[in-house]
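Please read the structure below before turning to the comments.
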Amino acid sequence: MYFQQSMEPVTTLLSLLLVMAVDSTRSVTLCRNQQCGNFLQQTLKLTRLIHKESVDLIKIYKTTQGDMSELFCKISINNVPDPNISGLDPSERIVSIYSHIQAFLPHFKRVYEQQTDLQLPTNTLMTELTRVSNRSSSLAAMVNCIYQSLFPNMPVPEPAGGPTSLPPSQNIFQQKVYGCVVLKRYKEFLSNAARELRTVKTQVCKKRTQMNVLS
Amino acid sequence: MISWRGLLHLLAWACLLSRKPANCADIPEKPENLTCVAVQVKNNEISPTIGCTWVPGTRGSRDLNTNYTLFAEVVLVGLKRAVAKQNNSCEITLDSYPHHMILNIWVEAENDLGKVESEHLSGDADFIVKTSPPSDVKVFSEKHFPTSLLINWTHPIAAEYLKLIYQIRYCSSGSSTWTHVPPVDTAKYIQSFRLQYLQPDTVYVIQVSCKNMREGHGHWSDWSANVTARTPEDKPMSKPDLWRVITPGDSAHERKVLFICKNPVLSNGKIRSFDIRVQGTKWENVLVNGSDSESDYDSSQRKTTHLKQIVLSDRRMGYVEVIAHNSVGKSPKALLVIPKASQELSPVEGLKSWIHSGRLWLEWRPPNVPAGGDAHKYTVTEYVVEWASGAQRDWQREYANTTQTVIRGRLEKYKRYIISVYALFSGWTGKPVTVETFVEQGKPSKGPAVRLNGNPGSTEAELVWNEIPQDEQHGFITNYTIFYSTGTEEHAIPVSADTYSYRLKSLSSKTSYKAWIQASTIAGSCNGTQHSFITLKYAPKEIEGIVVGVCFGFLFLVLLVVLLCIYKRDSIKKTFLPQIPNPGNSSIGTWSPDFPSKADMPRESALADVSVVEVDLFDGKSVFEEDKACLPLKKDKYLSEEHSSGIGGSSCMSSPRQSVSDSDEGGDSSETTASTVQYSSVVACNGYKGQTPSCLPQTNSQPTFSRSESTQPLLDSEENPDMPRQESSRLLHLFPLNPQPRHSANFADMDQLEVEDHGGLLSLRFSALEEDSLQTVPTEEGQSSDWQQAAPVSNYMSQTAGYRPQ
């Protein structure tokens with residue numbers, strides 16, 4: 001009886017650890033159990049949605065930055081991820097999409113912080129920045145899930161060159177320019193990502209489906 | 001790997017469950033019917049707040065408090081939870097709505113004894129989305145498509161969020177029945193749709209709704225706001241509803257036929273005119289008055305147009321053709337035949353009517369085919385049910401196989417309707433069968449106005465009243481009740497409904513009554529106006545009888561009096577009209593003292609001539625000497641040859657009186673005894689005193705004396721000539737009545753008589769007479785004409801002393 005009473009908390013702890021372990025594999029299982037086409041389709045829709053919202057976001061951004069907003073977006077600066085997707089095979093291109101999203105997220109955060117000082121809290125720009133950022137995180141997770149489902153034996157490599165560095169502190173003009181460049185490039189990236197995902201869907205998922213049918 | 005994983009999972013759950021043995025009866029009941037919805041908000045976004053409802057279990061909440069927690073997991077993103085404040089609903093708010101991501105929602109019920117989860121709602125996050133209805137819905141009509149309407153709308157949310165499908169419903173204005181467009185036609189991500197197979201010239205109301213395109217996903221949005229539009233007009237597709245009203249003509253064997261018409265059922269536009277042709281004559285155009293803003297196809301609401309009225313002989317058949325026109329074209333032709341009066345076709349049989357649920361139902365049997373009749377000719381093609389109330393009239397058509405129907409028009413309660421059913425035989429109308437009815441009866445709105453017929457009697461009065469106008473009866477009159485009251489008593493007499501007069505009897509005479517009539521239906525009664533009257537004290541005939549009786553009595557009395565008067569005329573005459581001797585009948589006798597004094601009594605009837613008895617006097621000196629020279633009157637008895645009569649005859653005198661005074665009895669006239677009355681005195685013929693002596697001729701003849709023999713007693717002045725006499729007195733003038741020519745006064749001169757009242761004694765005073773009118777008594781011896789001429793004299797002296805009674 002004493003043995004049972006003393007073992008109860010230990011048993012409970014072990015059980016909880018086991019449950020956590022089980023849950024951690026759940027997402028992987030989920031990704032791998034997803035149907036190729038459906039999941040890619042959903043990812044593609046999300047990409048298009050974020051793209052649409054980024055277009056609206058840029059419009060809102062320009063209206064909130066004053067008179068020279070058109071000029072801000074034409075200036076090119078460094079330290080902002082490029083919108084082009086790299087890689088030769090689908091796995092590399094999917095990884096590129098995932099890496100770009102992950103690279104853009106800190107910049108979104110930086111723009112949000114800078115605009116917080118420039119805009120009112122109730123400004124729709126802040127809401128839209130938050131929404132785009134959140135959806136982008138979700139997109140990254142979905143792209144990762146696609147990669148894992150399509151290439152289960154290949155871990156997601158770390159981006160070459162490490163994470164993109166954020167620019168140093170900037171003045172207001174630089175902040176406005178920086179913010180517009182980030183949004184513009186992200187929009188462009190999303191457009192490229194959507195195209196790429198459509199290609200992957202037609203090429204990879206179709207092949208897979210055929211293979212499943214044959215097997 | 002999988003088997004390891006599963007084994008570990010089972011082991012973990014086994015340990016957890018081994019911790020405390022659980023009683024299924026104590027843990028909360030599993031929440032059921034979990035339903036969640038995420039609605040669209042402004043800015044075309046789906047709200048990140050998800051609202052969920054479920055049916056909580058009752059078992060776990062009996063004794064222990066059960067907490068409900070709502071979980072929402074965005075796969076690959078994270079888990080959020082919210083504790084429900086109520087046991088059947090909760091809201092949970094995410095960072096942003098996770099479009100295109102897997103969403104997993106469940107409710108966990110937990111109490112001290114355990115917890116239980118509901119069924120998980122899992123799927124694409126858009127599976128619980130409810131968008132707003134489509135915005136900016138517009139409907140267009142196109143002139144060349146009278147049966148179609150084009151609908152346009154805008155997606156309520158961008159396609160990147162959610163692709164939608166739609167559903168459309170519509171109904172005609174005023175109708176409550178929606179028609180849904182087949183879902184298969186609109187289950188597309190579309191923004192327009194064309195409605196077809198609509199009625200021309202009809203207003204339609206249209207609504208649109210939308211939902212997630214994925215089957216089984218999402219909730220239908222609310223219906224969009226009503227949008228109305230009218231389809232264009234088209235030419236009429238059915239013939240006009242032609243009917244007729246037949247009334248008696250002005251002369252016998254004629255009918256007035258009024259053709260009336262309702263718009264075709266499929267007018268497809270506003271009917272502007274009708275073309276009518278009667279008996280093959282020329283077409284006539286009849287314009288439709290007023291404006292119909294909406295087309296209604298219920299027969300009770302289509303307007304009736306009066307087309308034309310004709311006079312048709314009973315011996316002739318009539319037929320009419322009618323075509324309806326709208327702005328686009330004309331309708332098919334309608335035909336109606338009016339048969340001869342003697343050839344009206346068979347009526348329907350056994351028509352019955354009843355009210356059910358406030359509507360009037362009719363039932364009948366088809367008409368019988370006459371024996372030997374052509375069955376084909378007598379085949380009913382349709383029925384017409386007509387209802388009329390006053391000037392309002394409407395009708396509806398029924399198929400040939402119909403034997404029972406309900407009036408589709410709006411019938412008002414308390415109104416009397418005349419329902420007629422006609423069988424039609426290819427346009428030929430049969431005889432009508434008619435029934436009168438009310439949809440609902442009420443009590444009359446006013447009672448009859450009563451009045452008296454003529455004048456009331458003493459115990460009877462006749463009351464009359466008119467039938468209440470049909471508009472105010474509100475039902476079939478079952479009976480009348482006559483009320484009459486004196487104020488203290490009230491009487492009621494029920495009479496039948498076809499009674500309009502009543503004679504009240506046994507009334508009290510000379511009494512005020514109030515009478516009124518109460519009209520009754522099965523629903524109630526209503527009193528009419530009161531009429532007051534007062535009975536007579538006597539009946540008219542009584543009064544007449546009384547009057548007649550009185551008149552007859554009076555007449556009888558008058559007659560009696562007249563007869564009495566006639567019978568007793570002599571007495572009455574004597575009493576009221578004493579006979580006054582006619583001086584004309586009196587005789588003046590000239591006598592002399594030698595004559596015997598006894599005088600004859602005058603005869604009654606004799607209008608004897610006045611005879612003058614000459615009486616010798618002492619001398620012939622003038623008598624005109626005054627009192628001194630007054631000759632003493634001899635009071636001898638004188639004889640008169642003639643009977644003298646009093647003035648005016650002796651009609652009232654039964655016997656002549658002796659007009660002689662007896663001188664033996666004494667010289668004093670005042671000592672006239674009762675037995676003798678001096679009626680006359682002898683006066684010298686030379687004249688009386690007071691007369692102008694110069695006028696008297698002096699003659700040597702013996703003086704003559706004249707004496708009047710009057711039935712009237714002499715007055716003292718006459719008896720005592722010595723007594724003073726008034727000089728103005730004149731003497732009574734004697735009027736001879738004999739026809740001998742003499743200077744005599746006639747009765748006209750009596751007009752000159754003046755009557756003087758001397759202390760109660762009337763004396764006759766004569767006005768101045770002409771001298772030649774002096775009457776002289778003719779004597780047998782002859783009379784001196786000189787004397788006659790010279791002595792216009794009246795022979796009586798005024799009786800100043802008065803009459804000495806006997």
Side-chain angles (χ1 to χ4, degrees), chain A residues 4 7-34 38-39 41-56 60 124 127-128 130-146 148 194, chain B residues 1-21 41-48 71 73-80 93-104 120 122-127 129 155 157-163 212-214 217:
Chain A
Q4 281 185 345
M7 284 303 291
E8 271 187 15
V10 175
T11 308
T12 305
L13 182 62
L14 281 173
S15 302
L16 283 172
L17 286 171
L18 281 168
V19 168
M20 288 172 63
V22 167
D23 284 340
S24 67
T25 59
R26 220 167 139 250
S27 59
V28 174
T29 307
L30 176 66
C31 290
R32 292 182 181 176
N33 288 337
Q34 290 292 325
N38 289 341
F39 198 72
Q41 182 66 27
Q42 294 296 101
T43 308
L44 180 58
K45 286 181 180 179
L46 183 59
T47 306
R48 287 172 178 158
L49 174 60
I50 301 172
H51 176 266
K52 184 246 185 225
E53 287 184 342
S54 66
V55 171
D56 297 335
I60 295 171
T124 54
T127 308
E128 291 301 315
T130 303
R131 197 207 319 263
V132 169
S133 178
N134 290 338
R135 290 200 203 283
S136 298
S137 296
S138 302
L139 180 62
M142 290 180 74
V143 170
N144 186 25
C145 194
I146 289 171
Q148 290 182 24
Chain B
M1 190 63 178
I2 294 173
S3 61
W4 269 111
R5 214 176 282 122
L7 191 62
L8 281 172
H9 207 156
L10 284 171
L11 187 61
W13 280 114
C15 291
L16 285 170
L17 291 173
S18 65
R19 215 179 139 216
K20 203 179 258 191
V41 294
K42 58 183 178 180
N43 299 331
N44 293 329
E45 298 172 5
I46 301 298
S47 170
F71 291 88
E73 178 192 16
V74 182
V75 174
L76 303 178
V77 174
L79 175 67
K80 284 224 169 176
T93 301
L94 306 176
D95 296 332
S96 61
Y97 196 79
H99 290 282
H100 310 302
M101 301 193 74
I102 307 295
L103 182 62
N104 199 6
H120 285 219
S122 182
D124 191 311
D126 298 329
F127 79 115
V129 167
H155 297 302
I157 196 168
E160 288 81 2
Y161 293 96
L162 194 60
K163 279 196 173 178
N212 189 341
M213 178 183 268
R214 284 185 71 174
H217 282 63

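In what follows, chains are A, B, ... by sequence order, proteins preceding strands, each numbered from 1.
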Residue list, salt bridge (charged side-chain N to carboxylate O under 4.0 Å, His left out) with A/R48, at least two apart or on another chain: none
Heavy-atom contact with chain B under 4.5 Å, split by part of A/Q41: neither
Proximal component of A/K45, with respect to chain B [non-hydrogen, under 4.5 Å]: both
Proximal component of B/A159, with respect to chain A [non-hydrogen, under 4.5 Å]: neither
Heavy-atom closest contact (A/R135 atom, B/Y97 atom, distance): NH1-O, 2.6 Å
Nearest-0.5 Å distance that lies between atom CD in A/Q42 and atom CG in B/D124: 4.0 Å
B/K163 atom NZ, over 12 foreign heavy atoms within 6.0 Å: no
Criterion side chain to side chain contact (heavy atoms under 4.5 Å, CB included) on A/S138 and B/V74, from CA distance to verdict: CA-CA 9 Å; A/S138 302; B/V74 182; 5.5 Å; no
Nearest heavy atoms of A/L49 and B/H100, plus distance in Å: CD2-CD2, 3.9 Å
Rounded distance (nearest 0.5 Å) linking atom CG of A/L46 with atom CD of B/E160: 12.0 Å
Nearest atoms (heavy-atom pairs only) where A/A141 meets B/L76: CB-O, 3.6 Å
Test log, rule side chain to side chain contact (heavy atoms under 4.5 Å, CB included), inputs A/R131 and B/E45: CA-CA 11 Å; A/R131 197 207 319 263; B/E45 298 172 5; 2.4 Å; yes
